[in-house]
Amino acid sequence: MVFKSKIKWVALLVLTLSLGSMVAHLSMTKFSSMNLIQYSAKDALSHDFPNIVSPVIRNKRLWGTVRSLESLQPYANPRNSYPEIQESTRSKQISYKFKSFSYLYDEEQFIASLKNDVNIVKSLPEHLKAARRSYEFPIFKPKNSASPNFYIKEILPNLKKAKVVGLIITEGGCLQSILPPSMSEFQRLRCRVAFHALQFRSEIQTLGRQMVERLRAWGQPFLSYHPGLVRDTLAYHGCAELFQDVHTELIQYRRAQMIRQGIVSDELNVDSHLQRENGSCPLMPEEVGLLLRAMGYPSKTIIYLAGSQTFGGQRLLIPLRAMFANLVDRTSLCSKTELSDLVGPETPLPSDIFQLPRPKSESEIKEEWSRAGPRPRPLPPPPERRIYPHEKEGWYGWITETDKEPNPSPRDLRMQAHRLLWDALDYIISVEADAFFPGFNNDGSGWPDFSGLVMGQRLYERASSRTYRPDRKTIAALFDITRGNMYHPKHDWTLSVKEHLNKSLSEEGLIRQLLLSKPNSFLSHPLPECSCRISSLELTKQTEGKDGRVLYGDEHECPIWMQSAEAVGVRNDDVESAEDDNDVVEQQERNGPDFTTSLTSTIDHDEEWDPND
C-alpha cells in the first residue's frame, strides 16, 4: 500500500510540473507574439541604409563599368539613303481604356519616330476594312527565320496585287537575325524600331522611373536579377527533374504538348541533370546567390527580382533571400493603388464559384455494386472527401483531376495581360540597373526572352555597363566540383568563379555570347550595325561568324559630335576596369565591417551559411 501511495504522489507531482510548464510556455508565447511584426523589405532597407548624407563610395570592382567596351556607342541612324497598327498582344480581358497595342506602348510615339522610314496609319480605309473582315486579302504567317527572299518573292507580289496583306507573327519574330551586309540599313531600322520607336506608354514609364528613383534613394547601387524560370522554356529544354511534385508534372505535360505540335523533336523523358550540365537549363536562384557572394557582393546588396512570374514559386527563392535579405520586387516598391491605376478600369468578372460534384443516387450506387464482379467483394470505398474551394484555386489544380489542361478562364487571360505590365516595369528597372545578372538567356529556341532583350538594350545604350554573361555550362561544371560543400567552397573555387564572371563582363564574354546568340536574336546583340566606335580609344580585333561575316569590331566611326572630350573624358574619370585588382577604393571598403572580397573568409565567420541552420 505504501509503495502504491508513493507512486500516486510521484504521478501527481509530474502532472503538476507538466501543467505548470505548459502554462509558462503559453504565457511566454502570448507576450512574445505581441512584439512580432510582418517583414517589410522597405523597413529592412531603412535599417541597413539609414539616412545617408555623405556620398557613398562604390566598390569599382563590383559596380564599375567595363573599360574595354567604353568605345562602343549607340548609333542606329541611317548611314545612306536607301501598315495598320492592330493586334500586338493576343491577351483578352484587358481594360476597355486601351487597344491591344496601346495597352503597352505609346502609339503616337511609334508613328512619329518612324515617319521618315515607314508610313504608318492608325486604321485602314473603309473598303479595305470590309475586305479584312471578309478575309479577301492574303494572310501570311512568316517564321522567325524567314529570309528576305520570302518577302521579295512571296509577299511583295501579293501586296502589289491585293494592296493589303496580313502578317500574323506567332514566333516572336518574322525575319532571320543575320542579314547580308547589303541590308545593314534594315538592321539599323530594326534598332530604331526596338530601341527608339517602341516606347512604353507614359503611365508605365512614369511608374518605372519612380521605382528606379526609390531604389536609388537608399544611396546604394543595385543589381537586377531575372531568374528566367518559365514553364515553356523549362519544358522545351527538358528540365523537369530539377523540380519537384506537381511542377515536374506541369513541365512534362507542356513538353508533351510541344512534341505533338512539332515544336520539340526530342523525346518526352530526357535526363534533366545532363541538360543542366550542358547549360540548357536555367541557373537556380540559390546558385546565383552563391555566385554573387563569391564575387564579393555583401549580404546587404540591394537585388531587384525581375520577372512577373517565377515557376516553382517562392520556395525556390528562400536560399537567395537568406543570403541577400534586401531582395525586392515590384510589390516592395509600389502600392496596390499604383499597380491598379496602371491596369486601368476593368469590367468585373463573374466570381469563380466552386461546384461540388452531384451526389450519386441510391439506384446508381446499387448499380455500381451489381457491376462490381463476383463475390467475395471488397468493401465499398469510403465517401469522397469534400474538396474545399481553396484547394481548387491555383493554376495547377487541374492536374490532379484530368489529363487535359483546361482552356484559360477569363480571369487567367486577365492575369496574363497584367503580367505584361509587370514585365514592362521590370524591363525598365533592369535596363537602368547598375548591374544585371541573367538566370537564363540564349536558349536556342529562337523565342525572344526577357534577359536577352534587356542585355541587348544595355549593350546598345551603354556597352560598358556591368552586364554579366555567364556560361551556364561552365558554371554547372564549377558547381559539380563543390556540390557537396557549396556553402563552404575552397578558395580556388571562389577564384575560378571570379575569373569566369569577370571575363563574361568584358569583350571575351561579349564575343562568346554574340557567336551563340546573334544567329537567333539580332536585338540581343545589335552589333556592329547599330553601334559606332570612338576612334580615340583603342580598336579591337574583328570577330567573324561561321559564314565569314564580321560580327564585332567592324563598327563605323562615330560622328565628331560623339567624340568630344566631354563625351569621353567625363566617363573615364568615373570608371575603372572591372579586372583591376589594385583598386584603392576596394581596399578601403574591404576594411569595413560590411564588405568582403573573400567568400571563404566570410563563410568562416558567418553562421547563416550553414544550410542546416
- [ ] Report the C-alpha distance between F243 and F311 in whole Å, list the side-chain angles of each, state the deciding distance to 0.1 Å, and finish with yes or no for ring-ring contact (aromatic ring centres under 6.0 Å, His included).
- [x] CA-CA 10 Å; F243 294 80; F311 188 85; 5.5 Å; yes

TODO: Kindly indicate whether the side chain of Y427, heavy atoms from C-beta on, has any atom under 4.5 Å from the side chain of V454.
DONE: yes

Open item on the list: Quick check for you: to the nearest 0.5 Å, what is the distance between M258 atom CE and Y236 atom OH?
Closed with: 8.5 Å

Task: More than 12 heavy atoms of other groups within 6.0 Å of N407 CG - done: no

TODO: Give me the ring orientation class for F200 and Y105: parallel if the planes are under 30° apart, tilted from 30 to 60°, perpendicular past 60°.
DONE: parallel

Open item on the list: For a side chain to side chain contact (heavy atoms under 4.5 Å, CB included) check, start with the C-alpha distance between R315 and T310, then their side-chain angles and the critical distance, and finish with the verdict.
Closed with: CA-CA 10 Å; R315 178 182 62 83; T310 299; over 6 Å; no

Open item on the list: S202: which residues meet the side-chain contact (heavy atoms from CB on, under 4.5 Å) condition with it, sequence neighbours left out?
Closed with: none

Task: Heavy-atom side-chain proximity of T301 to L292 below 4.5 angstrom - done: no

Open item on the list: Measuring centre to centre across the rings, with the benzene-like ring taken for any Trp, is F222 within less than 6.0 Å of Y304?
Closed with: no

- [ ] Using a strict cut-off of less than 4.0 Å between a Lys/Arg side-chain nitrogen and an Asp/Glu carboxylate oxygen, indicate whether K473 and E277 qualify as a salt bridge.
- [x] no

- [ ] Answer yes or no: is there a side-chain heavy-atom contact under 4.5 Å between V165 and I139?
- [x] no

Task: Test salt bridge (Lys or Arg N to Asp or Glu O under 4.0 Å) applied to E338 and R214, step by step - done: CA-CA 14 Å; E338 289 176 321; R214 291 167 188 173; 2.7 Å; yes

Task: Rounded distance (nearest 0.5 Å) linking atom OG of S102 with atom CZ of F110 - done: 13.0 Å

TODO: Using side chain to side chain contact (heavy atoms under 4.5 Å, CB included) as the criterion, point out the one residue from Q309, R254, R255, H247 that pairs with R231.
DONE: R254

- [ ] Taking all heavy atoms of S524 and all of L453, pick out the closest pair and write down the distance.
- [x] OG-N, 4.2 Å

- [ ] Taking all non-hydrogen atoms of both residues into account, name the closest pair between Y487 and P319 and its distance.
- [x] OH-CB, 4.0 Å

Task: Main-chain N/O of G238 paired with S272 side-chain donor or acceptor, under 3.5 Å - done: yes

TODO: Give the minimum heavy-atom separation between G289 and L320, together with the two atoms involved.
DONE: CA-CD1, 3.6 Å

Task: Separation of I475 CD1 from D480 CG (nearest 0.5 Å) - done: 11.5 Å

Open item on the list: Once rounded to the nearest 0.5 Å, what's the spacing between atom CD of E203 and atom CG of L342?
Closed with: 7.0 Å

Open item on the list: Is the shortest side-chain heavy-atom distance between L223 and I302 below 4.5 Å?
Closed with: no

Open item on the list: Ignoring hydrogens, what is the shortest heavy-atom contact between E267 and I259? Give both atom names and the distance.
Closed with: C-CD1, 3.9 Å

Task: Residue pair H418, W422: steps toward the side chain to side chain contact (heavy atoms under 4.5 Å, CB included) verdict - done: CA-CA 6 Å; H418 291 178; W422 314 152; 3.9 Å; yes

TODO: Calculate, to the nearest 0.5 Å, the distance between atoms SG and CG belonging to C334 and L339 respectively.
DONE: 5.0 Å

Task: Residues which pass side chain to side chain donor-acceptor pair (under 3.5 Å) with D271, listed by chain and number, not counting sequence neighbours - done: none

Open item on the list: If you define the side chain from C-beta out and look only at heavy atoms, does anything of V230 sit under 4.5 Å from L234?
Closed with: no

Open item on the list: Between the side chains of E368 and K360, is the shortest nitrogen-to-carboxylate-oxygen separation below 4.0 Å, so that they form an ion pair?
Closed with: yes

Open item on the list: Could you check whether any side-chain N or O of Q275 sits under 3.5 Å from a backbone N or O of C281, counting only pairs where one atom can act as donor and the other as acceptor?
Closed with: no

Open item on the list: Could you tell me if S335 and T337 have a donor-acceptor pair between their side chains, going purely by distance under 3.5 Å?
Closed with: no

Open item on the list: I'd like to know if the side chain of S451 reaches the main chain of P438, judged simply by a donor and an acceptor atom lying under 3.5 Å from each other, with no hydrogens or angles considered.
Closed with: no

Open item on the list: Between M284 and L242, is there a side-chain heavy-atom distance shorter than 4.5 Å?
Closed with: yes

TODO: Side-chain contact test, heavy atoms from C-beta onward, threshold under 4.5 Å: evaluate it for L333 versus L215 and give yes or no.
DONE: yes

TODO: Answer yes when R330 and D423 have at least one side-chain N-carboxylate O distance shorter than 4.0 Å, and no when they do not.
DONE: no

- [ ] Verify, without hydrogens or angle tests, whether S521 (side chain) and S517 (backbone) share a donor-acceptor contact under 3.5 angstrom.
- [x] no

TODO: On the 0 to 90° scale, with breaks at 30° and 60°, tag the F450-H226 ring pair as parallel, tilted or perpendicular.
DONE: parallel

Task: Presence of salt bridge, R293 and E287, under 4.0 angstrom - done: no

Open item on the list: Quick check: closest heavy atoms across I303 and Y225, and the distance to 0.1 Å?
Closed with: CG2-CB, 4.0 Å

Open item on the list: side chain to side chain contact (heavy atoms under 4.5 Å, CB included), that's the test. Do R469 and F437 meet it? Break it down for me.
Closed with: CA-CA 7 Å; R469 306 173 185 91; F437 198 104; over 6 Å; no

Open item on the list: Run F324 and Y297 through ring-ring contact (aromatic ring centres under 6.0 Å, His included) and show every step you take.
Closed with: CA-CA 9 Å; F324 296 94; Y297 286 94; 7.5 Å; no

- [ ] May I ask you to check whether D329 and S332 show a side-chain donor-acceptor distance below 3.5 Å?
- [x] yes

Open item on the list: Keeping R321 on the side-chain end and L327 on the backbone end, is there a donor-acceptor pair under 3.5 Å?
Closed with: yes

- [ ] Using distance alone, with no hydrogens and no angle criterion, decide if N144 and Q176 have a side-chain donor and acceptor under 3.5 Å apart.
- [x] no

Open item on the list: Could you measure the distance from the CG atom of L290 to the CG atom of L478? Nearest 0.5 Å is fine.
Closed with: 12.0 Å

Task: Side chains of L291 and F479 in contact at under 4.5 Å (non-hydrogen atoms) - done: yes

Open item on the list: Walk me through whether L198 and F101 qualify under side chain to side chain contact (heavy atoms under 4.5 Å, CB included).
Closed with: CA-CA 10 Å; L198 274 178; F101 186 86; 3.9 Å; yes

Task: P227 to P282 - nearest heavy-atom pair and separation - done: O-CB, 4.0 Å

